Amino acid sequence: MPASLRAALKPNPAAGGLNWAFVLVGAADATLLPFLPLLLFQRGLDAPQIGAVLAAASLAALVAGLGWAYLADHKVPAESAVVAASAAAAAVVLLFVFTSGVLALAAVTVALGIARSPFMLLDPIALGRLKEMARTRYARIRLRMSAGWAASAVVSGAGFQFAGLRLIPFVYAPLVALFGLWVWHALKPGRRTQPVPAESAVTAALRTPRLPLPFIGFLVSALLLGASLAATQNFLTLQINVLGGGALLIGAAAAFQAVTEIPTMGYTHLLTKFLSHRSLFAAGCGIYVVVSLAWAFASDAFTAALLKLVIGVAFALTYVAAVVIADDLSPAHMRATGQALMKSVLFGLAPIIGALGGGLVYGAFGPRAMFLGAAAMAGAAGVIAVMAVPAQSLRSIVVVAERPAPLSELSPAPAASESKTVKK
């Protein structure tokens, strides 16, 4: 194994229990998320109904996730919210055992989306603990989620292939509960962030609004990319099934993606020496365009599944870049909220559009039209990101501006005034 990847996989003492937290949540989610559209399909829902149900779940998770992010920034420790969410998800998923009918299945799926919504706080927890080394260490920790996902997707896919999808609740519930127990044991809530100090005159002059314009532009890019991902990921599952593949191949496809995510995330810190996170995000969008075009013309299940190997590279580039860009563009005292906004758009609001629109297009015009539309949206997302995100982060500009200038460059009066302003 290359030395750089070995270093990425080596446990990091500064990360505490984060390493296993990411492994466990990846292993748990891999037993549910890749198979949920197929589970709904086998319960009698067609493509438009599946899209509507998943869209409703995304909308509910969006609202709940923003609420939890606000509480994490102001009142409730993020770690406690994640623990509570794991217990709720373990309980709710078991309701699938007793559920049938469109409305009942929709209600349980929506409830599960709400229960899982605090899981998005795991990233701000990691960034807060890693602090100044977040850019290089975050990707090395996040790849562990992909590792857990890859192993679990293959094993669970094989099990569901032979024993049926009715096992999903009984597999997911204990795994997500184990994840919550680990977070409760290993990630103790830290002390609350101190109140934001009074701003210096320079910082006040450079202060951005609560939602900086570049951040809003990036959210538009995330919306388009997330809609494309939701459409392709949810209905690729159905397409593999239609082309003759089963749960085993669907699980293998999910593992294929995770297998290439791992080395890509492991080498992200090297890529950032040559490319900005904005460029990495745009490159990932370009890969999505190419693969979506290939899916539009794929004629057998194995080829469609194998293309997920390339998607793993695209996901690693866009996801890690999106987390860091959101951290850069968010005000320092709203970092959890900034991450929640980005993820609520990318994995909450966008899937509403992607799942609902993808289901309608898939049902009315077929899979080829849906994949071509997804390619167009991913391309637009990359272009908007390049235009919206500044080459240098807003936070870096403010930090540089706050550094005191040499006394020789300041007149006595301004120097004295500035020292009083920034004095703690």
Side-chain angles (χ1 to χ4, degrees), residues 32-62 96 99-113 157 160 164-165 168 223-247 249-251 253-254 257 288-289 291-305 307-308 311 345-381:
L32 172 70
L33 300 184
F35 309 101
L36 185 55
L38 187 58
L39 174 64
L40 297 175
F41 181 74
Q42 289 193 356
R43 296 288 182 92
L45 278 65
D46 59 20
Q49 289 173 332
I50 292 172
V53 169
L54 296 178
S58 296
L59 177 60
L62 167 65
F96 276 117
T99 304
S100 61
V102 176
L103 293 180
L105 287 168
V108 174
T109 306
V110 168
L112 186 59
F160 299 152
L165 297 178
I168 288 178
L223 177 66
L224 293 173
L225 179 62
S228 175
L229 299 187
T232 55
Q233 290 180 1
N234 287 322
F235 295 101
L236 178 65
T237 296
L238 294 188
Q239 184 66 359
I240 290 175
N241 185 65
V242 168
L243 292 174
L249 188 56
I250 291 170
Q257 175 174 334
Y288 277 122
V289 171
V291 176
S292 295
L293 292 174
W295 272 331
F297 299 96
S299 58
D300 66 277
F302 184 73
T303 299
L307 287 169
K308 292 281 274 185
I311 285 295
V345 169
L346 187 59
F347 301 118
L349 181 59
I352 298 172
I353 300 171
L356 186 58
L360 292 173
V361 174
Y362 189 101
F365 303 103
R368 179 168 298 175
M370 190 211 67
F371 285 119
L372 291 176
M377 296 182 76

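Quick caveat: nothing in here was measured; it's all calculated off a predicted structure.
- Of the inter-residue distances, the one linking L293 atom CG with Y288 atom OH reads 14.5 Å to the nearest 0.5 angstrom.
- In this structure the side chain of F35 never reaches within 4.5 angstrom of the side chain of T237, judged on heavy atoms.
- Of all non-hydrogen atoms in A57 and T109, the two that sit nearest each other are CB-O, 3.7 Å.
- To the nearest 0.5 Å, the span separating OG1 on T303 from CD1 on I240 amounts to 10.5 Å.
- Heavy atoms only, all atoms of each residue included: M370 and T232 are closest at CE-CA, 4.3 Å.
- Rounding to the nearest 0.5 angstrom, the gap separating the CG atom in L59 from the CD1 atom in I352 is 4.0 Å.
- Between N241 and L38 the shortest side-chain heavy-atom distance falls below 4.5 Å.
- Q49 contributes a side-chain N or O that, together with a main-chain N or O of D46, makes up a donor-acceptor pair within less than 3.5 Å.
- The shortest heavy-atom contact between L225 and A378 is CD1-CB, 4.4 Å.
- The minimum heavy-atom distance between F235 and G354, with the atom names listed, is CE1-O, 4.5 Å.
- Put simply, the side chain of F371 reaches to within 4.5 Å of the side chain of L236, judged on heavy atoms.
- Residues L36 and L54 form a side-chain contact, since some pair of their non-hydrogen atoms from C-beta on lies under 4.5 Å apart.
- Taking the side chain as every heavy atom from C-beta outward, L39 and F160 never approach each other to under 4.5 Å.
- Proximity of L238 to Y362: side-chain heavy atoms (C-beta onward) are separated by under 4.5 Å at one or more points.
- Between F365 and L360, every side-chain heavy-atom pair lies at or beyond the 4.5 Å cut-off.
- Residues K308 and W295 meet the side-chain proximity criterion, which asks for heavy atoms closer than 4.5 Å.
- Taken to the nearest 0.5 Å, the OG atom of S228 stands 12.0 Å off from the CD1 atom of I353.
- Here the closest heavy-atom approach between residue R43 and residue T99 is recorded as NH1-O, 2.8 Å.
- Of all non-hydrogen atoms in N234 and A355, the two that sit nearest each other are ND2-CB, 4.1 Å.
- Taken to the nearest 0.5 Å, the CG atom of L372 stands 9.0 Å off from the OG atom of S292.
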